[in-house]
Amino acid sequence: MEKKQQKKEKLWGGRFSQSTERLVEDFTESVSYDRRLYRQDIRGSIAHARMLGERGIIPQKDAQRIIEGLEKILEEIEEGRFEWKKELEDVHMNIEKALTDMIGPAGGRLHTARSRNDQVATDFRLFIKDEIKELDELLKGIQSAFIHQAEKYMGLIMPGFTHLQKAQPVLYSHHMLAYFEMFKRDRQRLSDCVRRVDVCPLGSAALAGTSYPIDRQMTARELGFSQVSPNSMDAVSDRDFALEFLFCLSVIMMHLSRLSEELIIWMSSEFSFVELPDAYCTGSSIMPQKKNPDVPELVRGKTGRVYGSLFALFTTLKGLPLTYNRDLQEDKEQLFDALDTVKSSLAVMTGVVEKMIPRAQNITRDTETGFLTATDLADYLVKKGLPFRQAHEVVGKAVARCIEHGAELHELDMDELRKLHELIDEDVLEVLSVEGSVRSRNCTGGTGHEVVKEALSEAKSWLKKFRIFQ
Ligand code: ARG
């Protein structure tokens, strides 16, 4: 009786005489999460069935019925009418069983010349390719938000920092475009990652390929893959592509986390550099005056789980002999979680960047302290003939004297300035102003008004041109 039941339900029940222990079923199932691959699984099966029919491996009319059945199952799933069964273990066997229940024995021909091992690898690659497209759009969105900021507040000068200490004056737009560059690299990195994802393992079967006269080029083409995998053993056990994708996700998250940290600092009352609309902040249940930057804090906090996923998969893979091992099933939950985390973080941070308002008055006031133009004064002396090290020393002493008297360099009058060094003249005043300092930094990649305007227009044209799939 038990055996009969097992044979009826389990697609691999043939050699088993006992039904699966409930605990084991719960422990081994993956359908609770890998059902997320149903679109890719059905797409892969349709391509496979069409190829089997075309090559005469199964009768054409069976291939046709399989395809129609799979299309109906797709509809059922999308409309929420499909019943997922844990006893059927994973997305692949749930769909295959439903197909056979629907169209009869013809459904049993679908798994000819195929194994779940090449099937799951195919599905996962298709899934990642689809997701990379969506991620790329989200990245484009946040880049546009930075362009919006850079354009809208062109001309606003802020203190630039190193070691979180005031360093030199920079354009706020230059700062915004720095983030544009980070997300640009993230998109380029994904585009490079695609080259390794875009390989079709279908036809590798369990591990050794198949004796049927399949057409691997045909299924690959139909599924939009640009290459077929060259080694069946590698193809069913390789998850480098997933690892690489997780690395790409981790870098995106690291960039989002740095941005978050910066905004949290900027929103503190001590800095007060930016204002976020109320809709993007939350309050405190006890302190009525609070408006907290919870969104960036959560993004910063969630970075840990994305890195965690990368390391979890690294660790899962490190001990695996060739070829497929069930450990590989552990690739999916980690990747799904990291992906969802990055996507929602990107979406919400795009809103934050779009809506944030720099507090221009505070920012400008803040450029007046902290000796932001000390380097400019040293450079001024160098241009008049002093070796840089000597100039550094002169300005360092001047700064020390200013600190003693509670003054800033630009507050010294001409007599005091001349006393600093005989090479100092009237033209030093432009050099000591933050405006003058920024205006002078017109080398490529610098913060000068002219080059930042050029960088902005280059950023815009890059955004128009870039395509994730080359
Ligand atoms: N659910 C499995 C996975 O995600 C599918 C492949 C299982 N293959 C096998 N021979 N048990 O890895």
Side-chain angles (χ1 to χ4, degrees), residues 6-7 9-16 18-21 23-45 48 70 73 77 82 84-99 108 110-131 197 199-210 219 223 229 232-243 245-246 309 312-339:
Q6 179 87 350
K7 281 192 108 163
E9 281 296 325
K10 298 268 193 278
L11 297 178
W12 41 251
R15 61 107 67 214
F16 285 77
Q18 277 183 335
S19 63
T20 320
E21 185 72 45
L23 266 175
V24 173
E25 208 160 71
D26 287 352
F27 190 71
T28 54
E29 69 87 24
S30 56
V31 66
S32 54
Y33 52 86
D34 70 11
R35 66 172 75 166
R36 192 165 168 176
L37 300 174
Y38 73 89
R39 269 193 222 106
Q40 292 78 18
D41 194 67
I42 290 176
R43 237 201 292 164
S45 289
H48 183 64
L70 287 168
I73 291 172
I77 299 173
F82 190 85
W84 297 101
K85 294 189 184 134
K86 213 165 50 180
E87 317 81 81
L88 290 171
E89 212 172 291
D90 56 23
V91 61
H92 323 292
M93 290 200 292
N94 267 267
I95 291 174
E96 194 189 325
K97 179 75 169 42
L99 178 72
L110 170 61
H111 214 52
T112 314
R114 186 177 78 168
S115 151
R116 273 185 299 154
N117 298 350
D118 59 343
Q119 186 179 359
V120 71
T122 305
D123 293 0
F124 208 29
R125 285 171 181 270
L126 285 173
F127 175 82
I128 294 177
K129 268 182 78 180
D130 290 345
E131 288 296 334
V197 181
V199 177
C200 187
L202 200 60
S204 302
L207 76 160
T210 176
T219 38
L223 293 172
S229 56
S232 62
M233 296 180 76
D234 178 46
V236 295
S237 68
D238 165 33
R239 294 293 182 275
D240 297 1
F241 64 92
L243 205 53
F245 181 56
L246 278 171
S309 296
L313 186 58
F314 254 130
T315 313
T316 295
L317 294 177
K318 79 181 254 297
L320 300 186
L322 285 174
T323 57
Y324 180 84
N325 299 272
R326 191 64 176 269
D327 316 44
L328 290 173
Q329 183 168 291
E330 284 294 302
D331 57 0
K332 280 173 278 299
E333 272 177 301
Q334 295 291 345
L335 190 132
F336 292 159
D337 185 72
L339 177 65

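Start at 1 and go down the list; that is how both ligands and their atoms are numbered.
- Here the options are Lys97, Gln329, Arg116, the test is side chain to side chain donor-acceptor pair (under 3.5 Å), and the partner is Glu89; only Arg116 passes.
- We find that Arg239 and Asp331 are joined by a salt bridge, their nearest charged nitrogen and carboxylate oxygen being less than 4.0 Å apart.
- Evaluated for a side chain to side chain contact (heavy atoms under 4.5 Å, CB included) with Ile42, the options Val91, Ile73, Leu37 yield exactly one hit, Ile73.
- Atom OH of residue Tyr324 and atom CG of residue Leu207 lie 13.0 Å apart, to the nearest 0.5 angstrom.
- Checking side-chain atoms of Asp90 against main-chain N and O of Ser30 turns up no donor-acceptor pair under 3.5 Å.
- At distances below 3.5 Å, not a single donor-acceptor pair connects side-chain atoms of His92 with backbone N or O atoms of Ser115.
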Please give the N or O to N or O pairs under 3.5 Å between ligand 1 and the protein, distances rounded to 0.1 Å.
| unit_1 | atom_1 | unit_2 | atom_2 | d |
| --- | --- | --- | --- | --- |
| ligand 1 | 1 (N) | Ser30 | OG | 3.4 |
| ligand 1 | 1 (N) | Asp90 | OD2 | 3.1 |
| ligand 1 | 1 (N) | Gln329 | OE1 | 2.9 |
| ligand 1 | 4 (O) | Lys332 | NZ | 2.6 |
| ligand 1 | 8 (N) | Asn117 | OD1 | 3.0 |
| ligand 1 | 10 (N) | Asn117 | OD1 | 3.3 |
| ligand 1 | 12 (O) | Tyr324 | OH | 2.4 |

